[in-house]
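To start, the structure under review is shown below, and the notes come after it.
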Amino acid sequence: MMLDIAGVIPNTLTRLKKLAPGSGLELLTYKRDRSIHIVKSDDNAFIITESGFQENVFSSDLKSMKKLLRTLLKREFPRSNKVRVQEFSRCTQPEKAT
């Protein structure tokens with residue numbers, strides 16, 4: 001699903017609340033060359049992997065997720081107007097474009 005960059009953070013936070021532990025979301029650029037991978041590890045704990053201009057791994061709770069997402073979106077998607085959002089469950093990983 002493609003979302004406007006302005007609505008990505010509220011949409012992501014809403015969807016993260018509803019996910020089961022082990023599931024997650026992946027935020028990608030249109031070309032799918034940079035991403036932010038979020039996995040729900042606990043009821044209120046998340047592991048965020050940044051892949052693109054920088055390669056980092058963060059752990060966060062839902063309360064501090066908004067600020068972290070804002071920082072990561074500015075760094076990884078500086079000129080993007082749309083963001084591709086993919087949801088995955090425990091047994092499946094997000095599909096990679098070939």
Side-chain angles (χ1 to χ4, degrees):
M1 154 189 334
M2 294 291 287
L3 294 175
D4 237 11
I5 192 83
V8 168
I9 293 175
N11 183 285
T12 301
L13 293 175
T14 304
R15 290 174 73 174
L16 287 175
K17 290 177 190 175
K18 298 176 183 177
L19 289 176
S23 301
L25 293 175
E26 188 169 36
L27 309 176
L28 300 152
T29 58
Y30 178 76
K31 293 177 3 180
R32 299 179 183 162
D33 58 346
R34 295 184 304 278
S35 68
I36 300 170
H37 190 91
I38 306 167
V39 178
K40 187 172 189 175
S41 59
D42 225 350
D43 281 339
N44 197 27
F46 299 91
I47 299 171
I48 301 100
T49 306
E50 173 187 14
S51 177
F53 291 122
Q54 295 184 13
E55 306 288 328
N56 293 315
V57 177
F58 304 95
S59 52
S60 175
D61 59 349
L62 197 60
K63 190 174 183 180
S64 59
M65 180 69 73
K66 184 175 182 177
K67 183 176 180 181
L68 180 60
L69 277 177
R70 189 178 310 129
T71 303
L72 293 177
L73 285 173
K74 283 183 182 179
R75 182 167 45 212
E76 293 299 330
F77 309 145
R79 292 171 298 282
S80 297
N81 293 321
K82 298 277 187 182
V83 175
R84 191 179 304 269
V85 180
Q86 296 178 343
E87 190 171 326
F88 59 91
S89 61
R90 294 177 193 194
C91 58
T92 61
Q93 290 297 320
E95 294 179 19
K96 297 289 181 185
T98 56

| task | State, to 0.1 Å, how close Ser89 and Ser23 come at their nearest heavy-atom pair, and which atoms those are. | result | CA-OG, 3.7 Å
| remark: Closest heavy-atom pair, Ala6 versus Pro10, reported as atoms and distance to 0.1 Å, is O-CD, 4.0 Å
| query | Should Phe88 and Leu25 be counted in the same cluster of Ile, Leu, Val, Met, Phe, Trp and Tyr side chains packed under 4.5 Å apart? | reply | no
| Taking a hydrophobic cluster as the set of Ile, Leu, Val, Met, Phe, Trp and Tyr residues connected by side-chain heavy atoms closer than 4.5 Å, whether directly or through intermediates, do Leu28 and Leu19 fall within one such cluster? | no
| task | Locate the shortest heavy-atom distance separating Ser41 from Pro21; write the atom from each residue and the value. | result | O-CB, 4.2 Å
| said: Please determine whether residues Ile47 and Leu62 belong to a single hydrophobic cluster, defined as Ile, Leu, Val, Met, Phe, Trp and Tyr linked transitively by side-chain heavy-atom distances below 4.5 Å. | reply: no
| Which value, rounded to the nearest 0.5 Å, describes the distance between Ser35 atom OG and Leu72 atom CG? | 10.5 Å
| Of Ile36, Leu69, Val83, which is the lone residue that meets side chain to side chain contact (heavy atoms under 4.5 Å, CB included) with Val8? | Val83
| field | Under 3.5 Å donor-acceptor, Glu55 side chain and Gly52 backbone | value | yes
| query | Can Thr14 and Asn11 be said to form a side-chain hydrogen bond (donor to acceptor under 3.5 Å, both in side chains), step by step? | reply | CA-CA 5 Å; Thr14 304; Asn11 183 285; over 6 Å; no
| request: Check whether any side-chain heavy atom of Tyr30 lies under 4.5 Å from a side-chain heavy atom of Asn81, and answer yes or no. | output: no
| task | Could you check if a side-chain atom of Glu76 sits within less than 4.5 angstrom of a side-chain atom of Leu27, using non-hydrogen atoms only? | result | no
| field | Stepwise side-chain contact (heavy atoms from CB on, under 4.5 Å) check, Asp4 with Lys82 | value | CA-CA 5 Å; Asp4 237 11; Lys82 298 277 187 182; 3.6 Å; yes
| said: Let me check something: do Leu68 and Ile5 share a hydrophobic cluster, defined by ILVMFWY side-chain heavy atoms less than 4.5 Å apart, either directly or through other members? | reply: yes
| task | Quick one: pull up CD in Glu87 and CD in Glu26 and give me the separation to the nearest 0.5 Å. | result | 12.0 Å
| Got Arg75 and Asn56 here, is their nearest side-chain heavy-atom distance under 4.5 Å? | yes
| said: I want to check something: taking the side chain as every heavy atom from C-beta on, are Met65 and Thr12 in contact at a cut-off of under 4.5 Å? | reply: no
| remark: All heavy atoms of Phe77 vs all of Arg34, minimum pair found to be CE2-O, 3.7 Å
| field | Path from Leu16 to Val85 over hydrophobic side-chain contacts below 4.5 Å | value | yes
| remark: To the nearest 0.5 Å, atom CG of Asp43 lies from atom NZ of Lys17 at 14.0 Å
| query | Are any non-hydrogen side-chain atoms of Ile9 and Lys66 less than 4.5 angstrom apart? | reply | yes
| field | Close side-chain approach of Phe58 and Glu50, heavy atoms under 4.5 Å | value | yes
